[in-house]
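All remarks here apply to the structure that follows.
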Amino acid sequence: MRLDIVTIFPEFFDILDISLLGKARRSGLIDLAVHDLRDYTHDRHRTVDDTPYGGGAGMVMKPEPWGEALDEVLPQDPAGQQPLVIFPSPAGDVFTQAMARELSTEAHLVFGCGRYEGIDQRVFEHTATRARVRLVSLGDYVLNGGEVAVMAMIEAIGRLVPGVVGNPESLVQESHENGLLEYPSYTKPASWRGLDVPPILLSGNHGAIAQWRHEQQVERTRRVRPDLLES
Ligand SMILES: COC(=O)COc1cccc(COC(=O)c2cn[nH]c2)c1
């Protein structure tokens with residue numbers, strides 16, 4: 001999988017060189033490139049924003065730098081499948097585990113990190129003439145920019161790319177993988193500060209343990225996220 005990120009804070013993504021994704025990058029499973037939007041400006045101050053037409057507070061990201069950055073990142077002659085360009089936005093489709101699973105099968109993802117009051121609307125319109133474009137929301141709150149959202153999405157997507165996580169089994173019993181929240185987990189010691197591990201987990205009866213864990217998932221989901229039981 002090829003990942004490109006366009007941002008005015010490229011150093012924000014240095015952390016992707018370590019941990020799981022660092023290993024996936026070194027093994028060639030994931031090919032990541034970060035692009036500084038300011039490298040596509042031509043004035044002395046490397047300006048990426050300007051005042052909004054129609055007035056109002058704040059600044060809007062200029063279309064020209066985005067156009068030139070995406071000229072470089074998007075294939076000129078999209079022979080194969082068109083890349084998918086994702087812009088984090090409060091106005092986007094909500095990011096879910098199902099979306100992460102779907103996106104983990106893409107060959108080429110491009111992430112555009114907005115800042116200020118947003119990106120000039122024509123960037124989305126023009127990019128849609130040469131790639132698939134999707135606005136994606138992490139939730140109903142506002143961040144100062146797309147970088148944090150992109151980091152979260154890359155982690156959620158990257159760990160689903162075959163080979164990135166050592167034991168694929170560990171991806172199954174997870175919150176949201178089977179539509180339910182995960183069961184509570186325990187490890188040694190069997191008793192800690194007067195708190196004991198549920199005896200069923202020490203019984204060695206794997207059928208009963210699986211049943212208990214499923215019951216815990218349903219009970220926790222009903223209590224914390226009843227909306228997940230409706231779908
Ligand atoms: C139309 O989209 C744009 O112009 C993108 O521009 C911006 C501007 C500021 C902040 C962000 C980051 O996204 C969020 O705040 C966000 C995503 N999920 N929940 C909150 C993006």
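Every number for a ligand or one of its atoms is a count from 1 in the order of the listing. Values below: every heavy atom of this structure, side chains too, minus hydrogens, waters and symmetry copies.
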Worksheet item: Taking the side chain from Thr96 and the backbone from Met99, do they hold a donor-acceptor pair closer than 3.5 Å?
Response: yes
Worksheet entry | Full working for side chain to side chain donor-acceptor pair (under 3.5 Å) between Glu64 and His42 | CA-CA 10 Å; Glu64 302 97 323; His42 307 290; over 6 Å; no
Worksheet item: Counting heavy atoms not belonging to Asp14, are there more than 12 under 6.0 Å from its CG?
Response: yes
Worksheet item: Just wondering, are more than 12 heavy atoms of other shown residues or ligands nearer than 6.0 Å to OH in Tyr141?
Response: yes
Discussion item. Taking CZ in Arg222 as the centre, count heavy atoms belonging to other residues, nucleotides or ligands within less than 6.0 Å. Is the count above 12?
Written reply: no
Discussion item. Does Asn144, at its CG atom, have more than 12 non-hydrogen atoms belonging to other residues, nucleotides or ligands within less than 6.0 Å?
Written reply: no
Please give the N or O to N or O pairs under 3.5 Å between ligand 1 and the protein, distances rounded to 0.1 Å.
residue	atom	partner	partner atom	Å
ligand 1	2 (O)	Ser89	OG	3.2
ligand 1	4 (O)	Ile119	N	2.9
ligand 1	15 (O)	Leu143	N	2.9
ligand 1	18 (N)	Leu138	N	2.8
ligand 1	19 (N)	Gly139	O	3.1
ligand 1	19 (N)	Tyr141	O	3.3

